[in-house]
Amino acid sequence: MSTHSSRGGAAVGRLSDLSPIEAGAVMYLRLWSESPEARANAASDFEIALGLDQGRAAMMTLDRLCGLCAHHGRRPLVRHGLSCSCLGADENCFAQMIGAASEGAREDAMMMATLIVRPDFAPALASLSEELGMALRRMTASVPLPTTGHHTPSAVLH
């Protein structure tokens with residue numbers, strides 16, 4: 001294994017350490033990279049969660065974003081397997097970029113993008129990160145929060 005591969009693949013944490021948006025970014029990066037069938041599963045997830053039009057747009061964004069990383073990356077992004085609970089260094093950088101972009105922290109997303117792709121492609125990667133981050137934010141927001149089943153009585157004015 002080369003030094004670059006081992007450095008990018010070194011476990012730096014666990015997927016469970018990430019926010020839902022960041023963990024989603026890693027899982028969709030893994031799915032996109034795995035196989036055409038896995039990409040179809042990602043597309044299905046987006047369509048189920050976001051509806052047909054927004055789901056297709058989100059998948060197109062994932063395609064463009066991952067394609068940019070693959071074709072203009074400083075080096076290949078090292079990924080862990082689909083079922084691996086570890087978080088690799090490259091995956092963490094990717095997750096942090098998407099997470100920052102989803103929160104509107106464009107400068108931080110741009111800084112992470114320059115670590116992944118050549119500097120001339122970093123603005124495009126940061127922009128796509130914001131699009132994907134917002135789609136993941138909509139997906140995670142649509143999941144209902146668990147409730148305790150208790151209802152708080154509303155205040156009564158006398």
Side-chain angles (χ1 to χ4, degrees), residues 1-140:
M1 188 182 268
S2 76
T3 304
H4 288 300
S5 296
S6 60
R7 188 179 322 132
V12 296
R14 306 191 75 61
L15 278 176
S16 59
D17 297 335
L18 299 176
S19 74
I21 291 169
E22 294 162 345
V26 172
M27 291 311 298
Y28 287 116
L29 169 66
R30 289 177 180 181
L31 282 168
W32 186 89
S33 304
E34 183 74 15
S35 67
E37 294 80 18
R39 284 186 195 187
N41 290 338
S44 176
D45 284 358
F46 287 132
E47 288 181 15
I48 290 167
L50 300 171
L52 188 61
D53 292 340
Q54 286 187 19
R56 285 184 178 166
M59 188 62 202
M60 194 179 320
T61 298
L62 180 68
D63 272 335
R64 292 170 58 209
L65 191 148
C66 292
L68 194 60
C69 292
H71 299 299
H72 301 290
R74 293 180 167 275
R75 61 178 171 72
L77 285 178
V78 179
R79 297 166 314 281
H80 286 233
L82 278 176
S83 60
C84 184
S85 62
C86 291
L87 175 66
D90 285 355
E91 293 174 327
N92 187 51
C93 185
F94 185 85
Q96 297 304 316
M97 176 182 67
I98 302 295
S102 78
E103 295 168 358
R106 290 183 172 146
E107 294 83 8
D108 289 349
M110 181 69 164
M111 179 186 66
M112 308 282 182
T114 62
L115 298 174
I116 296 172
V117 295
R118 294 184 355 215
D120 51 328
F121 287 100
L125 187 61
S127 177
L128 289 167
S129 295
E130 189 170 4
E131 287 179 38
L132 182 63
M134 294 310 293
L136 293 172
R137 185 171 291 283
R138 286 192 305 273
M139 288 172 74
T140 58

What are the two closest heavy atoms between [X] and [Y], and how far apart are they?
X: T140; Y: P20; answer: CG2-CB, 3.7 Å
X: Q96; Y: L18; answer: NE2-CD2, 3.8 Å
X: E91; Y: R79; answer: OE2-CA, 3.5 Å
X: T114; Y: R74; answer: O-NE, 2.6 Å
X: L87; Y: N92; answer: CD2-OD1, 3.4 Å
X: V117; Y: L68; answer: CG1-O, 3.9 Å

Quick check against the 3.5 Å criterion: does [X] have a side-chain atom that pairs as donor or acceptor with the backbone of [Y]?
X: R138; Y: L50; value: no
X: Q54; Y: G51; value: no
X: S127; Y: P123; value: no
X: S44; Y: A40; value: no
X: R137; Y: S102; value: yes
X: D90; Y: G9; value: no

Taking atom [atom1] of [X] and atom [atom2] of [Y], what is their separation to the nearest 0.5 Å?
X: L77; Y: C66; atom1: CG; atom2: SG; value: 8.5 Å
X: I98; Y: M112; atom1: CD1; atom2: CE; value: 11.0 Å
X: C84; Y: R14; atom1: SG; atom2: CZ; value: 7.5 Å
X: M110; Y: L115; atom1: CE; atom2: CG; value: 11.5 Å
X: E34; Y: M27; atom1: CD; atom2: CE; value: 9.5 Å
X: M59; Y: Y28; atom1: CE; atom2: OH; value: 9.5 Å

query = Crowded around R39 CZ? As in, over 12 foreign heavy atoms under 6.0 Å?
reply =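 Atom CZ in R39 is packed in, count exceeds 12.
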request  = Would you please test L136 and L132 for side chain to side chain contact (heavy atoms under 4.5 Å, CB included) and show each step?
outcome  = CA-CA 6 Å; L136 293 172; L132 182 63; 4.1 Å; yes
message = Within the structure provided, determine whether E103 and D108 are in side-chain contact (heavy-atom separation under 4.5 Å).
response =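 When only atoms from C-beta onward are counted, D108 and E103 do not touch, as no gap falls below 4.5 Å.
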query = Step by step, would you call M60 with L128 a side chain to side chain contact (heavy atoms under 4.5 Å, CB included)?
reply = CA-CA 10 Å; M60 194 179 320; L128 289 167; over 6 Å; no
message = Could you go through L62 and F46, starting from their C-alpha distance and side-chain angles, then the distance that decides it, and tell me whether this counts as side chain to side chain contact (heavy atoms under 4.5 Å, CB included)?
response = CA-CA 10 Å; L62 180 68; F46 287 132; 4.0 Å; yes
ask   = side chain to side chain contact (heavy atoms under 4.5 Å, CB included) between F94 and C69: does it pass, once the steps are laid out?
value = CA-CA 10 Å; F94 185 85; C69 292; 4.2 Å; yes
